[in-house]
Amino acid sequence: MKVIMHDGSVQELSFEDEAGRGALRHTASHILAQAVKRLFPETKLAIGPSIKDGFYYDFDRETPFTEEDLAKLEAEMKKITKENLKLERFTLSRAEAIALMEEKGEPYKVELIRDLPEDEELSFFKQGDFVDLCAGPHVTYTSAVKAYKLTSVAGAYWRGNEKNKMLTRIYGTAFSNKTDLEEYLTRIEEAKKRDHRKIGREMGLFMMRDEGPGFPFFLPNGMILKNTLIDYWRQIHTREGYVEVQTPIMLNRELWETSGHWDHYKENMYTTVIDETDFAVKPMNCPGGMLVYKSEPRSYRDLPMRVGELGLVHRHEKSGQLHGLMRVRCFTQDDAHIFMTKEQITDEIKGVVRLIDEVYSLFGFKYHVELSTKPENSIGSEEDWEVATNGLKAALDEMGLPYVINEGDGAFYGPKIDFHLEDSIGRTWQCGTIQLDFQLPMRFEAEYMGADGQKHRPIMIHRVVFGSIERFIGILIEHFAGKFPAWLAPMQVKVLPITDRNNEYTDELIAKMQAQGIRCSADKRQEKTGFKIREAQLSKVPYMLVIGDKEQEEGTVALRRSGSQQTQTMKAEDFIAMLADEIANKK
C-alpha cells in the first residue's frame, strides 16, 4: 500500500512494516473522526493517534459517547471507506493554521497549534470535506482501510492532565484484511475471559478497594500464590550465590538527591516530613542497596557481590491508568544489585540472562529482547555510557540471543536489556530487565580495594526477573486463565466423599497429603457428586479425588484432573507420590 510520510513523500509499505501498520491505523482514526463530525457535527476534535494494537480518538461532546454509539459510527465509517476518498497533505503557516481551526470551531486544535514553535510550518491532511491537523503518516485512499472495529469507549483527560476536562476516548483497531481482524478480535474475547481482575475475585486471590486506589489487598489464596513465587525466587537466587537484604521503605531527601531521583523522578514519589526533614517513600530499592554495599569496606575478592531484595516500593500513577494488578501504586519488586569490576560485566550479565530464561521457560513463556540506549535526560559521561552499552551488547552477542535496539529508551543512569514475554494468547508483557549503571556507584562514592592495593569504583547491575511480583501474578492469572500448574495452585487437591460413610477415609487421605506438604481440603457437604465436581472445576483446583465405598475398601482414589471428563483409578499412595514429585519438580 502507498503511504504518505511525514515529509510528504510517498512510499510503498506493507502492513508488516511498523510504519505501514501505523499509517493504516492512523488513517482509521481520521475516518472515525470524519464519521463523528458527519453524525454529530457539534463534537470538538482532540487527538487521534495510532497505538500498538489499533488507534483511538478523543472527542469533546456535551453528551459523551457510549458503547451503543459505536455501531452507528462504524456504519458511517464503512460509507467513508467505500467513497474511496483521497488523502491529501498540505501545509500552512502558524497564523493560517490557527485561522482555519478557529473557522472550523476546533479549540483543542488551536491550543495544540499555539503550543508549537512560531516558525514551524504545520501539516494538515484532507479527505473529502474533512480536514485535520496532523503530521501523518497516512495511506493515500480511505478504501485501503478494509478491516476495522471500534472496540470500546473510555474517559480521558485532555493532554493526560487530571486538571483538564474529561473527554471521551473511542478505541478501535484496524488490519489489512478481515481474517487478521477476526483473529485479533477472537484473542480480545479470550483475553476478556482471562481478565485477572475477574478470575482473581472468583478465586479469592486479591481485591481492590476505594479506600486504597492502586493499593492491592492480597487474600489468603493470593498470599499462597505470592509466597510460592517468592519461595521459588529465593531457591534459585540462593543457588546462584545471591544474598538477601531488606532496606527501609522510607529514607530522607538527602539520599534521593544523591541518587538523582529527587531531580529526575520526584513527580512519581510520595513524600512526607518527619522531624522537619523531607522524606520519600522509596520508588526503587537501589539507593538503599548502595548503603548496604557501603556499610563495610569491600575488596576485589568480594566481587562480584550479588545482593537480592524483595522490596515494597511505591510510585504515584495517575488514577486513570490504574488497572488491577497490572498498574498499581505499590508493588513488590524482586530486585537484585550486582557489584562488580569492569572485567566481570559480560559474565555477570550472561548469568542474569540465563536465570531469566530459566524462570520464563518454567512458566511456558516465549520472549524477545530489547536493548535500550542512552536517553535525553541521562547523567554521566559519554565514555561510561559507551562502555556500559557495549558490555550489554557483548553479553547478548556471545549468547547468540537476538535483540532489537530501542534507541534512547534507557534509564537516566544507564542502558538496559528488557525482556518482553509472550503469554498463551500472544500478548506481550515487559517484565525482566537488566540495567548497567556506572552512575550510582559514583554518586555514592562506592569503592573496593583492588589487587593493586588501590581504591576502585565498582560497576552496578540493577535487575529484576518477575519485575513487579504483583504484576507478574496478574500476567500468570491471565496466561493460565487461573488454571495454575499444581505446584503453584493455591489449592492443589479437593477430596469429594460421596457419602458420610467415606469421611473417615477422606480424613486419612487429607492427613497423608498434608504430611507431604500438599495443599488439600475436603468437600463433605450433602450435595450430589456432580455438583461438587463442578464447584471444584469452577474454583480451578488441579486435582479432584472422588471417594466412594469401592475406593475406601480398596485404598484407591478416583482421580479427575481439572478440565477433563475422564476418571482414573489409582492407589492412594501412588497418587500422593506422583503429585509430590510434580510439585517438587515444578512440572
Side-chain angles (χ1 to χ4, degrees), residues 1-8 10 20-51 54-65 69-94 96-113 116 121-151 153 156 158 167-174:
M1 61 188 172
K2 288 184 168 57
V3 174
I4 307 170
M5 305 304 290
H6 298 291
D7 61 359
V10 177
R21 201 160 49 246
L24 186 87
R25 289 169 172 170
H26 197 171
T27 306
S29 80
H30 278 220
I31 294 171
L32 165 61
Q34 186 174 16
V36 166
K37 293 298 282 188
R38 284 185 178 183
L39 297 178
F40 309 97
E42 76 286 358
T43 304
K44 308 301 179 190
L45 304 178
I47 57 171
S50 64
I51 54 177
F55 61 89
Y56 69 78
Y57 212 111
D58 290 345
F59 302 100
D60 182 4
R61 183 169 172 247
E62 188 173 338
T63 304
F65 291 106
D69 294 315
L70 299 187
K72 285 184 268 184
L73 291 170
E74 269 189 30
E76 191 63 32
M77 289 174 71
K78 285 179 182 175
K79 292 180 185 177
I80 294 168
T81 54
K82 285 182 179 177
E83 289 169 19
N84 194 25
L85 301 175
K86 184 178 182 180
L87 278 92
E88 300 173 274
R89 180 182 180 273
F90 64 93
T91 60
L92 295 174
S93 68
R94 187 168 182 269
E96 291 170 331
I98 289 173
L100 176 62
M101 290 296 100
E102 284 181 338
E103 179 188 336
K104 290 185 172 294
E106 299 293 354
Y108 295 100
K109 302 293 183 182
V110 172
E111 182 180 328
L112 289 172
I113 295 167
L116 294 170
E121 193 173 53
L122 302 169
S123 65
F124 290 78
F125 277 82
K126 177 178 185 295
Q127 57 196 53
D129 59 356
F130 179 75
V131 175
D132 202 352
L133 171 72
C134 184
H138 286 286
V139 295
T140 51
Y141 287 89
T142 58
S143 59
V145 186
K146 300 183 188 305
Y148 49 85
K149 179 74 176 174
L150 299 182
T151 54
V153 175
W158 167 234
L167 307 179
T168 303
R169 176 170 294 177
I170 297 179
Y171 284 98
T173 191

Q. Could you state the interatomic distance from SG (C134) to NE2 (H6), rounded to the nearest 0.5 Å?
A. 8.5 Å
Q. How far apart are the C-alpha atoms of L32 and Y148, what are their side-chain angles, what is the distance that settles it, and do they pass the side chain to side chain contact (heavy atoms under 4.5 Å, CB included) test?
A. CA-CA 10 Å; L32 165 61; Y148 49 85; over 6 Å; no
Q: Measure the acute angle between the ring planes of H30 and F130, then classify it against the limits of 30° and 60° as parallel, tilted or perpendicular.
A: perpendicular
Q. So, Q34 versus D129: side-chain donor-acceptor pair below 3.5 Å or not?
A. yes
Distance-only donor-acceptor pairs under 3.5 Å for side chains of residues 98-105, two or more places apart:
{"from": "E102", "atom 1": "OE2", "to": "R114", "atom 2": "NH2", "distance (Å)": "3.2"}

Q: For the pair F59 and Y57, name the ring-plane relationship: parallel under 30°, tilted 30 to 60°, perpendicular over 60°.
A: parallel
**Q.** Candidate pair I47 and L112, rule side chain to side chain contact (heavy atoms under 4.5 Å, CB included), full reasoning
**A.** CA-CA 9 Å; I47 57 171; L112 289 172; 3.8 Å; yes
**Q.** Distance under 6.0 Å and angle within 45° of ring axis: R25 vs F55
**A.** no
(Q) For the NZ atom on K149, are there more than 12 heavy atoms of other groups (residues, nucleotides or ligands in this structure) within a distance under 6.0 Å? (A) no
Q. Quick one: are Y108 and L167 in side-chain contact, heavy atoms under 4.5 Å?
A. yes
**Q.** Over all atoms of both residues, closest heavy-atom pair of I80 and I31
**A.** CD1-O, 3.7 Å
Q) Considering residues, nucleotides and ligands other than Y141, do more than 12 of their heavy atoms fall under 6.0 Å from its OH? A) no
Q: Have a look at T27 and tell me which of V139, V3, I4 forms a side-chain contact (heavy atoms from CB on, under 4.5 Å) with it.
A: V139
Q. Taking 4.0 angstrom as the limit, do K44 and E111 come out as a salt bridge?
A. no
(Q) How long is the straight-line distance from NE2 of H26 back to CG of L24, given to the nearest 0.5 Å? (A) 11.5 Å
Q: Looking only at non-hydrogen atoms, find the nearest pair between R89 and G8 and report the distance.
A: CD-CA, 3.7 Å
Q.
Please determine whether side chain to side chain contact (heavy atoms under 4.5 Å, CB included) holds for the pair T81 and K146, giving the CA-CA distance in whole Å, both sets of side-chain angles, and the decisive distance to 0.1 Å.
A. CA-CA 8 Å; T81 54; K146 300 183 188 305; over 6 Å; no
(Q) Quick check against the 3.5 Å criterion: does T142 have a side-chain atom that pairs as donor or acceptor with the backbone of L85? (A) yes
Q | Residue pair A135 / S123: nearest heavy atoms and the distance that separates them | A | CA-OG, 3.4 Å
Q | Rounded distance [0.5 Å steps], CZ in F40 versus CD in E76 | A | 9.5 Å
Q: Measure the spacing between CD1 of I170 and OH of Y56 and express it to the nearest 0.5 Å.
A: 13.0 Å
Q) Quick check: are there more than 12 heavy atoms from other residues, nucleotides or ligands sitting under 6.0 Å from CD of E42? A) yes
Q. Which heavy-atom pair separates E62 from P64 by the least distance, and what is that distance?
A. O-CD, 3.4 Å
Q. Which atom pair, heavy atoms only, marks the closest approach of G136 to H138?
A. CA-CD2, 3.8 Å
Q.
Quick check for you: to the nearest 0.5 Å, what is the distance between L133 atom CG and I113 atom CD1?
A. 5.0 Å
Q: Can you measure from CG (L39) to CG (D69) and round to the nearest 0.5 angstrom?
A: 9.5 Å
Q | Steps toward side chain to side chain contact (heavy atoms under 4.5 Å, CB included) verdict (L45, K37) | A | CA-CA 9 Å; L45 304 178; K37 293 298 282 188; 3.9 Å; yes
Q.
Please give me the minimum heavy-atom distance between V10 and K2, naming the atom from each residue.
A. CG1-CB, 3.9 Å
